[in-house]
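Structure first, then comments.
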Amino acid sequence: MGLQLYNSLTRRQEEFEPLEEGRVGMYVCGPTVYGHAHLGHAKSYVSFDILVRYLRYLGYNVTYVQNITDVGHLTDDADEGEDKIAKEARKEKKHPMAVAEYYTRSYFEDMDMLNCVRPDISPRASGHITEQIELVKTLLEKGYAYEVNGSVYFDVLKFKDYGKLSGRNIDEMIAGTRVEVSPEKKNPVDFAIWKKAEPNHIMQWPSPWGMGYPGWHLECSVMSMKYLGMTIDIHGGGMENKFPHHECEIAQSEAANDAPFVKYWVHNNMVTVDGQKMGKSLNNFITLKQAFSGSHERLTRQYDPLAIRQLVLNSHYRSPLDFSDAALYAAQSGFDKITSAVIEVRKKIKSAPDGEVDKEAAKMLDVLKEKFEKAMNDDLNTSVALAVMFEFVRDTQKLLEDSKTTKQTLEAVDGLFSLLGGDVLGIVKDEYEQTGSVDNELMDKLVRILIEQRNEARKQKDYKRADEIRKKIDEAGVVLEDKPDGTSWRTK
RNA sequence: GGCGGCGUAGCCAAGUGGCUAAGGCGACGGUUUGCAAAACCGUUAUUCCCCGGUUCGAAUCCGGGCGCCGCCUCCA
């Protein structure tokens, strides 16, 4: 049994079968770059990162496209609001493209910290204006759109499948309309695909309908089509975007192409902070940079970016995740537990005796791998996959305690940690400071001098002095651990 | 008001018809230690929000209630 994925379109878990054998085209709605990335982004993009990593683990050749929205995303009512980036630019007194560039870099920095693999293609909406204009033209030609006073709207009533993703009914939506409706629209549910720009609007481009800018939903249709084709395997995004964003994408794309837009829709759930929706007004809005540094009043300490990643993996991507200091703390402890086991294995490889890979250990690794894959195949059940990792850690500790464990066995253990914990889950690193990078040799030498002094004191039963040395080293951020085979150290 | 999701131990969280209800954190007890730390072992839900029903059997299915959350308007 291969990977089973929950498809929001069919509301069922389905066997994943790509359109073309061995190849997967995946598009994920990227950020609108008008502010620093926050905990919500972490959950979303770590979740899709896991999907990409696991598909690659299974041997698929994945093309991962994630856009950067740098124009067209309006601040409020579907079509009357201001462009988010333009608004931020005015506030910061910068050019909108400077704002977009700044936060794009910030976004990539944060995602790198979370160990998310970079998308293969990160297209910018503003770099695809011509393609967007072409799509608007096509929709006008095919009668799915109409122009009014320099703006172009999609005529929702013409697209009979509208509502199939979000389970909405057009008539009910029209009846339930409560926001002020633009008088330009034929119908309240119609949405803008091209907006006329006022003369003072900085972000605007010439089009057959005059100066203007694209509607938000358009970019994803255009860029996914351009880089992945008319029909793609997977489209990912946050649940809150099912409607209207993804519904509109489907309408535009399928109306223009007469082909299905997406085979599998994958939606991840939302984040709350201390049980409440995260919002700037609630004082619980935490950016990733704040979480990494611990500089937020809701946080008692700083957290390792990978501990945040681990917290995301601790629950299912389709379940809501509540970030709290307690939850982060627990994730950090669990992350440390896995990390230190991996470090111990890598350290011990250097001194372990040569020999064959132990048969029982090899079998244990096979069983763990099988359990892990079974969990991941079940709609990416990372919670269970993590439980397998903890089982793996426990088994590993037993091997570490046994002095007969061979170098080759430990290498096999390390190999599986790197594969499952590293390649797939992204919580095990390739390198750790403690395992002997060049920079660290000096540090190691210095700490060893202190350890010698302390052990000298211990030998003479001068425990007061020994504890004093240990305390001072601890204050400097280094923890000493006395073990049967000597004293080792690690950074806090 | 409409649509959707959720309610499992002190906390986080799997499990969705049947062996002893995963795992993590925390707490407590033990082994180890000069003391610690780390590691290991053990304990920590007779019960899955409540009330009914279906069934030989339900945390899991159905009905009702209560509570929380999301979307419906920008959001990952």
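Residue numbers start from 1 in every chain, and the chains themselves are labelled A, B, ... in the order their sequence lines are given, proteins ahead of strands.
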Find the distance [X]:[atom1] to [N]:[atom2] and express it as a whole number of Å.
| X | N | atom1 | atom2 | answer |
| --- | --- | --- | --- | --- |
| A:Ile308 | B:rA76 | CD1 | P | 18 Å |
| A:Phe390 | B:rG26 | CZ | P | 10 Å |
| A:Leu114 | B:rA76 | CG | P | 16 Å |

Kindly point out which of B:rG26, B:rA76, B:rC72 is positioned nearest to the side chain of A:Glu240?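 Per side-chain heavy atoms of A:Glu240, the pick is B:rA76.
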Under the side chain to side chain contact (heavy atoms under 4.5 Å, CB included) rule, collect the residues that match up with [X], sequence neighbours excluded.
| X | value |
| --- | --- |
| A:Ser126 | A:Asp70, A:Val71, A:Met97, A:Arg124, A:Trp205 |
| A:Asn7 | A:Leu9, A:Thr10, A:Glu14, A:Tyr264, A:Trp265 |
| A:Ser166 | A:Arg168, A:Phe243, A:Glu247 |

Go ahead and name the base partner of [N]; Watson-Crick or wobble counts if both distances stay under 3.5 Å, otherwise write none.
| N | value |
| --- | --- |
| B:rA21 | none |
| B:rG2 | B:rC71 |
| B:rG42 | B:rC28 |

Could you tell me whether A:Gly40 contacts a base, only the sugar-phosphate backbone, or nothing, with contacts defined as non-hydrogen atoms closer than 4.0 Å?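 Counting heavy atoms under 4.0 Å across all strands, the contact made by A:Gly40 includes a base.
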Is A:Val271 touching bases, backbone alone, or none of the nucleic acid, heavy atoms closer than 4.0 Å?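 Base contact.
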Summarise protein proximity over nucleotides 33-40 of chain B in one line of letters, 5' to 3': B for base, S for sugar-phosphate only, - for none, counting protein heavy atoms closer than 4.0 Å. -BBBBSSS
Can you give one letter per nucleotide of nucleotides 4-21 of chain B, 5' to 3': B if a protein heavy atom sits under 4.0 Å from the base, S if only from the sugar-phosphate, - if neither? --------BSSS------
Salt bridge (charged side-chain N to carboxylate O under 4.0 Å, His left out) pairs, two or more places apart, involving residues 27-39 of chain A: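 Checked against salt bridge (charged side-chain N to carboxylate O under 4.0 Å, His left out) - neighbours excluded - no pair reaches residues 27-39 of chain A.
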Scan for salt bridge (charged side-chain N to carboxylate O under 4.0 Å, His left out) pairs involving residues 233-242 of chain A, sequence neighbours excluded, and state none if there are none.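 Residue pairs with at least one partner in residues 233-242 of chain A: there are none.
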How far apart are the closest heavy atoms of A:Phe390 and A:Gly334, and which atoms are they?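 For A:Phe390 and A:Gly334, the tightest heavy-atom pair comes out as CE2-O, 3.7 Å.
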Which residue pairs satisfy the side-chain hydrogen bond (donor to acceptor under 3.5 Å, both in side chains) criterion with at least one member in residues 302-320 of chain A, sequence neighbours excluded?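 For residues 302-320 of chain A, and leaving out neighbouring residues, the side-chain hydrogen bond (donor to acceptor under 3.5 Å, both in side chains) pairs sorted by first residue read A:Asp49-A:Arg309, A:Tyr303-A:Asp325, A:His316-A:Asp379, A:Tyr317-A:Asp379, A:Arg318-A:Asp379.
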Cut-off 3.5 Å, no hydrogens considered: what does the side-chain donor-acceptor table look like for residues 454-466 of chain A, sequence neighbours left out?
residue  : atom : partner  : partner atom : Å
A:Arg454 : NE   : A:Ala466 : O            : 3.3
A:Arg454 : NH1  : A:Asp482 : OD1          : 3.1
A:Arg454 : NH2  : A:Asp482 : OD2          : 2.9
A:Asn455 : OD1  : A:Arg458 : NH1          : 2.9
A:Asn455 : ND2  : A:Thr487 : OG1          : 3.4
A:Arg458 : NH1  : A:Asp482 : OD1          : 3.4
A:Arg458 : NH2  : A:Asp482 : OD2          : 3.4
A:Asp462 : OD1  : A:Arg465 : N            : 3.3

When the nearest nucleotide of RNA chain B is assigned to A:Cys29 and to A:Phe335 on a heavy-atom basis, which residue is associated with the more 5' position?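 That would be A:Phe335.
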Compute the ring centroids of A:Tyr34 and A:Tyr103, then answer whether they are less than 6.0 Å apart.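 No, the ring centres sit 6.0 Å or more apart.
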